[in-house]
Amino acid sequence: MKLTHRERGGGILEILRKSNIMIEEKKLFIGDYLINRHIAVERKTTRDFVISIIDGRLFSQASRLKRYAEVQLMIIEGTDLFYTGYE
């Protein structure tokens with residue numbers, strides 16, 4: 001599994017390593033995680049999801065996932081989708 005260096009602090013890295021999953025950290029063109037070169041995963045907090053919609057990043061990220069990965073996943077994490085603190 002490959003993951004972008006931006007995901008280092010999210011806690012996922014430690015969970016995967018404890019599960020004996022081989023991980024390579026590098027800058028990725030698409031998504032935050034690339035699994036077996038076929039599955040691209042974009043991970044967002046609810047706040048980043050809302051901000052990504054507002055600034056237009058979400059649509060370009062989704063388009064890249066669709067264009068370059070056989071399987072695409074977008075994970076939205078959090079329970080505060082309707083209260084992100086963004087005004």
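Any value given below was found using the heavy atoms of this structure, including those in side chains, with hydrogens, waters and symmetry copies removed.
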Could you state the interatomic distance from [atom1] ([X]) to [atom2] ([Y]), rounded to the nearest 0.5 Å?
{"X": "I76", "Y": "T45", "atom1": "CD1", "atom2": "OG1", "answer": "8.5 Å"}
{"X": "I35", "Y": "E70", "atom1": "CD1", "atom2": "CD", "answer": "12.5 Å"}
{"X": "F29", "Y": "K27", "atom1": "CZ", "atom2": "NZ", "answer": "10.5 Å"}
{"X": "R57", "Y": "F49", "atom1": "CZ", "atom2": "CZ", "answer": "11.5 Å"}
{"X": "Y33", "Y": "R43", "atom1": "OH", "atom2": "CZ", "answer": "4.0 Å"}

Joint hydrophobic cluster, M74 plus I54, side-chain heavy atoms closer than 4.5 Å: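 Hydrophobic grouping puts M74 with I54.
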
Taking side chain as C-beta onward, heavy atoms only, is [X] less than 4.5 Å from [Y]?
{"X": "I75", "Y": "V41", "result": "yes"}
{"X": "E42", "Y": "L65", "result": "yes"}
{"X": "I51", "Y": "D55", "result": "yes"}

Where A40 and I30 come nearest, the two heavy atoms and their spacing: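 Of all heavy-atom pairs spanning A40 and I30, the closest is CB-CD1, 3.8 Å.
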
Test item: S63 side-chain N/O and F59 main-chain N/O as donor-acceptor pair under 3.5 Å: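 Judged by distance alone, no pair lies under 3.5 Å.
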
Test side-chain contact (heavy atoms from CB on, under 4.5 Å) applied to T79 and T46, step by step: CA-CA 7 Å; T79 58; T46 51; over 6 Å; no

Lys/Arg-Asp/Glu bridge criterion (N-O < 4.0 Å) met for D32, K44: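 No, no charged N to carboxylate O under 4.0 Å.
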
